Protein chains: 2
Amino acid sequence: MPPINLGLVGFGKIARDQHLPAIAANSGYRLVGIADPHSRLDGVAHHASLKAMLDATPALDAVAICTPTHLRHSQARLALEHGKHVLLEKPPGATLSEVDELSDLAERRQLTLFAAWHSRFAPGVAQARQWLAGREIRAVEIEWKEDARVWHPGQTWIWEPGGMGVFDPGINALSLATEILPRPFFLRSANLAVPSNCQTPIAADLAFSDVQETPIRAAFDFRQTGPQTWDIHVDTEAGRLSLTQGGRRLSIDGRVELEAEEREYPGLYARFAELVAGRTSDVDVAPLRHVADAFLLGRRKRVAAYVE
Amino acid sequence: MPPINLGLVGFGKIARDQHLPAIAANSGYRLVGIADPHSRLDGVAHHASLKAMLDATPALDAVAICTPTHLRHSQARLALEHGKHVLLEKPPGATLSEVDELSDLAERRQLTLFAAWHSRFAPGVAQARQWLAGREIRAVEIEWKEDARVWHPGQTWIWEPGGMGVFDPGINALSLATEILPRPFFLRSANLAVPSNCQTPIAADLAFSDVQETPIRAAFDFRQTGPQTWDIHVDTEAGRLSLTQGGRRLSIDGRVELEAEEREYPGLYARFAELVAGRTSDVDVAPLRHVADAFLLGRRKRVAAYVE
C-alpha cells in the first residue's frame, strides 16, 4: 500500500509539537504540504490556504485539521468536497450541529472522517477498557486539575465563548471515561464556577450516572497549584482501577499494572491510516456532547476574576 | 388494526390541554391509564407511577411522556424496557446524551420512539417546506417574541438550570426552521441576555449559516409586551415566504396562501400511530442540539433582574 499523501491545515503549536513528529515517524504517511497563512516549515511545500494546497497538490489524499476550533468545519468541509479524507483535532467542532453535518457529508462521499481524541491513545487506555468490560462498576471519580497559568499561558481564547474554559482539558477526561466505561452515562447536574471577567468556567463539578444509577463524579479545576492531577478511579467488585497521569499509568488496588511513555499521536495516526485503508469513519461526539450538556444544564456561579 | 392502548405519564397542564383532547378525537387510540403521583382524571385508571401502571396494565402498548423534562429519560427507559412504544413531549430530554441512549435502546428493542416537536404539525409547515424545497434561499429571519409574564406565570423552573429560559419557546422556532429549510444550518455566534437573578437567558440573538453561507438570524425575547410574534421569514429568488402565528399562517410576498386553526397535537398523534404501525422511530435532536450549541458558544451578558 503506497503511503498516504497528507497535508496539515493549521500549523500552530499542536501541529508542530505532536502531529509533525508522529507523521515523520510513520512510513505510512508522506507530508506533502502545509496550509497556514503565517507559519511554514523548511522542506515542506507551503500554501497560504487549504484552497491553495488543494489546487497545487492533485496527489493529496488526506488532511489533518489543526486550525482554531471555529475554522474546522469550513476547512473540513472543503477537504471532503474535494474528495480528501479528514482527521479533525479535538474538539471536532465549535458546535455539535456542524460535526453532525460533516459526518453525513463524509458518509455520502464514502470518505474517512476521524474525530480524533488523542487521550484515548494513552498507554493504559486499552487495558483499562478491557479490564472494566463485564465488571460491576460501583462508582467512578474523575479528577482533572491543572494550573491554567502553567499550561495555557496567553491563551485568552480559552476564556471566550466557544473556548470551553476548564473543559478544554476536561474534554480529554471525558474522552477517556466514555472510552473505558462499559456503559454510556448522562449528566444529572453540574456546578460551573465562572470568573467574573470570563465567559467560560474555571472549574466544574459534574454529577453523572449510567442506567444502573452508578455515581460518576468529575471535578475539573484550572486553579490547581502544586501537584497536577489527571486521574480516573473506578471502583468495582474486583477492586479499584486507577488510570492516572492522563492515561500513562494503570493500577489495580494501588498495584501498578502498566506505566509507559506518552505516545498518543503515533497511536492516533496509526488509527487514521487504518480508517483510510478501510474508507470508514470514526466520529464519536460523546465527549463534546457531554460538554454541551454541561453548559446546557449547569448552574453557574460567579467567582473571582482570573488574572494571568 | 386495533386501537393503540395508550398510557399518559405525567398529567400536568400540557397533558390535559393538548394530549387528552387529541387522544380522545383519534379512534386509533384507547386511553387506558394515567400515571401521576398527584393528578387524576375521572373515568381513567389512575396509577401513582409508571411502574404501577406497567404492572397493572398488561395490555398497554404505548406511553406518552409528559413529565417535567428531567424525569423523561428514566420514565422513557422504563417503558422501553417493558416493550412499550414511547412518545416524548418536547424537549425530548434534559441532555443530548440521554436522548441518544434512548434512541439506541428503542432501536435494539425494535420499538417506536417519537421525539415529538408539536410546532412541526402547525397548518402551514408542510406547504412551507414544499415551497422552499429547491428554491434559492437568500436570507432567513426568525422572530420569536412573547411575554413570559403572560405565557409562563409561576413557571420558576424556566429560570433554573435546564429550564432553558427563552429557549423553552425558542426551541419551537428551531423545530420549525429545521423542518422547513432545505439544508442543515449551524450556529456561528450568539448573544444571550441573562437576568442577574436567573440561570437562563431571557433573550437571545443567534447568527446561523448553512453551507452556502446563507445568513439565518434568530431573535428570541421573553420581554415582549403588546403584539406577540412567532414568525419566520425566508427570502428566496421567487419571493419572501412568511410562516407566521407559530405556523398557522403562510404567506408569499404578503399574499396569504393558507391560514387555519391550530391543531398540532392531532397531527402529532396521527404521526405517532403511523410510526407505531411501522415500528419505526422519529428522533430528530436537531432543535435541542441547536439550543445546546447556543449555550456552549453563546456570549452571556447580565441584564436586569426578572421579577414576575
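Since the structure is predicted, the reported quantities are computational estimates derived from the model, not experimental observations. Residue numbers begin at 1 in each chain, while the letters A, B, ... track the order of the sequences.
Side-chain contact, A:His152 with A:Glu146: a donor N or O sits under 3.5 Å from an acceptor N or O.
The environment of CD in B:Glu308 is crowded: more than 12 heavy-atom neighbours from other residues, nucleotides or ligands sit within 6.0 Å. More than 12 heavy atoms of other residues, nucleotides or ligands lie within 6.0 Å of CD in A:Glu81, so this atom counts as buried by the packing criterion. Residue-environment remark: CD (A:Glu107) stays at or below the threshold of 12 foreign heavy atoms within 6.0 Å. Atom CZ of B:Arg138 is surrounded by more than 12 heavy atoms from other residues, nucleotides or ligands within 6.0 Å.
Taking 4.5 Å as the heavy-atom cut-off, the residues of residues 172-189 of chain A that approach chain B are A:Pro184, A:Phe185, A:Phe186, A:Leu187, A:Arg188, ordered by number. Of all residues in residues 92-103 of chain B, those placing a non-hydrogen atom less than 4.5 angstrom from a non-hydrogen atom of chain A are B:Ala94, B:Thr95, B:Leu96, B:Ser97, B:Glu98, B:Asp100, B:Glu101.
The part of B:His73 that comes within reach of chain A is its side chain, from C-beta onward, which places non-hydrogen atoms under 4.5 angstrom from that chain. For chain A, the nearby part of B:Arg77 is the side chain; its heavy atoms alone come within less than 4.5 Å. Looking at A:Arg299, both its backbone and its side chain come within 4.5 Å of chain B, counting heavy atoms on both sides.
Test B:Tyr306, B:Phe167, B:Trp151, B:Trp159 against B:Phe222 for ring pair (Phe, Tyr, Trp, His ring centres under 6.0 Å) and you get one pass: B:Trp159.
You'll find the side chain of B:Ile171 reaches within 4.5 Å of the side chain of B:Trp117, heavy atoms only. Between A:His290 and A:Phe208, the closest side-chain pair of non-hydrogen atoms falls below 4.5 Å. Between A:Val63 and A:Ile65, the closest side-chain pair of non-hydrogen atoms falls below 4.5 Å.
Annotation for B:Gly298 and A:Pro161: closest pair O-CB, 3.8 Å, computed over non-hydrogen atoms.
Of the listed residues (A:Ala292, A:Ala286, A:Ala190, A:Ser74), the greatest number of heavy-atom pairs within a distance under 4.5 Å of chain B belongs to A:Ala292.
Ion pairing between a basic and an acidic side chain is recognised when a charged N comes within 4.0 Å of a carboxylate O; B:Arg289 and B:Asp293 show no such pairing.
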